[in-house]
Number of protein chains: 2
Amino acid sequence: MKAPRDVPNALLESLKSLGLTKYEALVYIGLLRVTGATATEVHEISGVPRASVYPVLDRLVQKELVSVSHTTPKRFDAVPPDQGVENLMRRIESDAEGARTVLDALYREKRPEARDSQEQIWTIYGEENIRARLAGMFRSAERSVEVLATWDLLQESVLALLEPVPDSVQVDIVTDCWKGERSSRFGIHILPLATLRETRCAPGKLLPYESSGVFLVDDARALLWLGAGDEQRSALYSESAGLVLFVRRHITSVTEWARTTGQ
Amino acid sequence: MKAPRDVPNALLESLKSLGLTKYEALVYIGLLRVTGATATEVHEISGVPRASVYPVLDRLVQKELVSVSHTTPKRFDAVPPDQGVENLMRRIESDAEGARTVLDALYREKRPEARDSQEQIWTIYGEENIRARLAGMFRSAERSVEVLATWDLLQESVLALLEPVPDSVQVDIVTDCWKGERSSRFGIHILPLATLRETRCAPGKLLPYESSGVFLVDDARALLWLGAGDEQRSALYSESAGLVLFVRRHITSVTEWARTTGQ
DNA sequence: ACCTTGTTGTTTTTCAAGCAACAACATTTA
DNA sequence: TAAATGTTGTTGCTTGAAAAACAACAAGGT
């Protein structure tokens, strides 16, 4: 009889998000530590009330996480973890696949309805979402793409997205340095590091803004990528005339500066 | 103002298993059908009580399924389905990864404790689990592997698992037919279809058992794969002397018969 | 007679779901 | 300008459903 050794809370949460209840998680974890336990032993090991152990074990068998012996009393055994987690994931993934299909159908029904959305300013959370939006902007470019970003951000997340931009679109990039081959397709301007990466905000205080960027497409769509420290990445996107104009001015002034100083 | 068109129940269930609540699912689905809706519009579209819409939208933003505009009033927009589902899956997969790691650590702590587990008969549910166990049996083979299975089962699920068996182990296979190249490593016996696939159980009644198999390793470990119609696949595994002996006799008799009749 | 297994039914707890009311603010109307 | 009206966003409370926890008992084995 082992102590119901207490279980890391994070583990319980993880298993819950895989579709298990607290009891199911506790019983499965308990079973991993022994071989062929009876229901009562499971109760002792996991700390789950004995009466609750039976329905829980039934569900776990149903979910292909434990196997049952044909003896009396029944004995239970856990499926090895990676096999078990795999089994859970398979269900979830098939659900995800189904959901994606149906949702996509609904999504396509939406009338494009360009309407007055161009007056809004959107915040986008999550790096993946930001990159997706950036990709969309670049893909829709017809005349010009302007990029003002730190090199690390460029390197990591932006350059790849610029690939599909056709040659007919003028692409200008301002950054703080450049490593590797400089594509002849782009107009590239290098600006001293101090200016881009740090901004003097108060007398003597430096406000470092790491991994940030400004993007402008066709003078009509702008995205501000705010690399907020360790918080969740976020960005602003807008087609509003006001914000676009602001970004337009910002980029122009920085570019001008680059031309007079840097070059 | 659109009707809160009713939503397929299966879709709600799928989204729940991806970690959304009913409200979260309804709001997200509703948002997919419009562009830049206000909280009140979301309430009208989704049928979710207006007061509940705010916390729900907060959570959806947190989960990277919707983006918010910086206007007043705030406007909300859904991220495209495959992007959104992707975002949900990423979280779940990272949970799965974490859980697998921790569980594996616990699993390895288990003393091998071979104990009297060889007297038990285990039932295994789910094709994946059965195959995993079979693979384990084959991997542990030291002298002999005997297989008695219908060709379709062999072909689909078994032959691949026999790959890692070393040449020093004698492998015998009895099946109802053989298509393709016959590996010289195996002793192969063909037995007429009627015998293997159908079994006369009552006078005149035939009991077809499709996709079933019997496996015996080193005369010590046996697995019975029961291809139960459309129900969940299941199997029996045992190291118990009784069951092993039974399987031993069964295979021997069938093999004998094959030798006298078929050949 | 005693203990263990397995089952059933009931209570408690927890969290989502649903509802009512209100402060803040903007828009309209007198 | 002031009152009337309406909308946004919040707070707190009630309802309801599912899991968690407990109590009690029939069946069977020693």
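By convention in this document, chain letters (A, B, ...) are assigned in the order of the sequence lines, proteins followed by strands, and residues within each chain are numbered from 1. Every heavy atom of this structure was used, including side-chain atoms; hydrogens, water molecules and symmetry mates were not.
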Using heavy-atom distances to pick each residue's nearest nucleotide on DNA chain D, tell me which of B:Lys74 and A:Glu24 is more 5'. B:Lys74
Using the side chain to side chain donor-acceptor pair (under 3.5 Å) criterion, which residues pair with B:Ser67? Sequence neighbours excluded. none
Report, one line per pair, each donor and acceptor closer than 3.5 Å where one atom sits in a side chain of residues 129-138 of chain A; sequence neighbours left out.
| unit_1 | atom_1 | unit_2 | atom_2 | d |
| --- | --- | --- | --- | --- |
| A:Asn129 | OD1 | B:Gln83 | NE2 | 3.0 |
| A:Asn129 | OD1 | B:Asn87 | ND2 | 2.9 |
| A:Asn129 | ND2 | A:Tyr125 | O | 2.7 |

A:Pro49 meets the side chain to side chain contact (heavy atoms under 4.5 Å, CB included) criterion, sequence neighbours left out, with A:Tyr23, A:Ser52
What integer distance in Å separates A:Lys16:NZ from D:dA19:P? 12 Å
Using a 4.5 Å cut-off on heavy atoms from C-beta on, say whether the side chain of B:Asp82 contacts that of A:Tyr107. no
Results of salt bridge (charged side-chain N to carboxylate O under 4.0 Å, His left out) for B:Lys16 - residues two or more places apart only: B:Glu13
Provide, to the nearest angstrom, the distance between the CG atom belonging to A:Leu26 and the P atom belonging to D:dA21. 9 Å
Whole Å only: how far is the NZ atom of B:Lys22 from the C1' atom of D:dG16? 11 Å
Taken to the nearest whole Å, OH/A:Tyr54 to C1'/C:dG9 is 16 Å
Provide a list of protein-nucleic acid N or O atom pairs under 3.5 angstrom, restricted to nucleotides 19-25 of chain C.
none

Side-chain N,O (A:Tyr23) to OP1/OP2 (D:dA19) below 4.0 Å: no
Distance check needed: D:dA17 P versus B:Glu13 CD, whole Å only. 15 Å
As a check of understanding: the bend across the helix from C:dA1-D:dT30 to C:dA30-D:dT1, end axes from five pairs, rounded to 10 degrees, works out to 10°
Would you please confirm or rule out a distance under 4.0 Å between OP1 or OP2 of C:dC15 and any side-chain N or O of B:Thr21? no
Is the distance from OP1 or OP2 of D:dT7 to the nearest side-chain N or O of B:Thr38 less than 4.0 Å? no
Without decimals, in angstroms, what is the distance between A:Glu41 CD and C:dG6 C1'? 15 Å
Whether the B:Ser17 and A:Arg91 side chains hold a donor-acceptor pair (N or O, under 3.5 Å, no angle test) is what I'd like checked. no
B:Val244: which residues meet the side chain to side chain contact (heavy atoms under 4.5 Å, CB included) condition with it, sequence neighbours left out? B:Leu216, B:Ala222
Once side chain to side chain contact (heavy atoms under 4.5 Å, CB included) is applied, do any residues pair with B:Ala51, and if so which ones, sequence neighbours excluded? none
Figure out the NE2/P separation between B:His43 and D:dT10, and round it to whole Å. 16 Å
Contact list for residues 50-60 of chain B, test salt bridge (Lys or Arg N to Asp or Glu O under 4.0 Å), sequence neighbours left out: B:Glu24-B:Arg59
Can you tell me how far P of C:dT5 sits from NE2 of A:His70, to the nearest Å? 19 Å
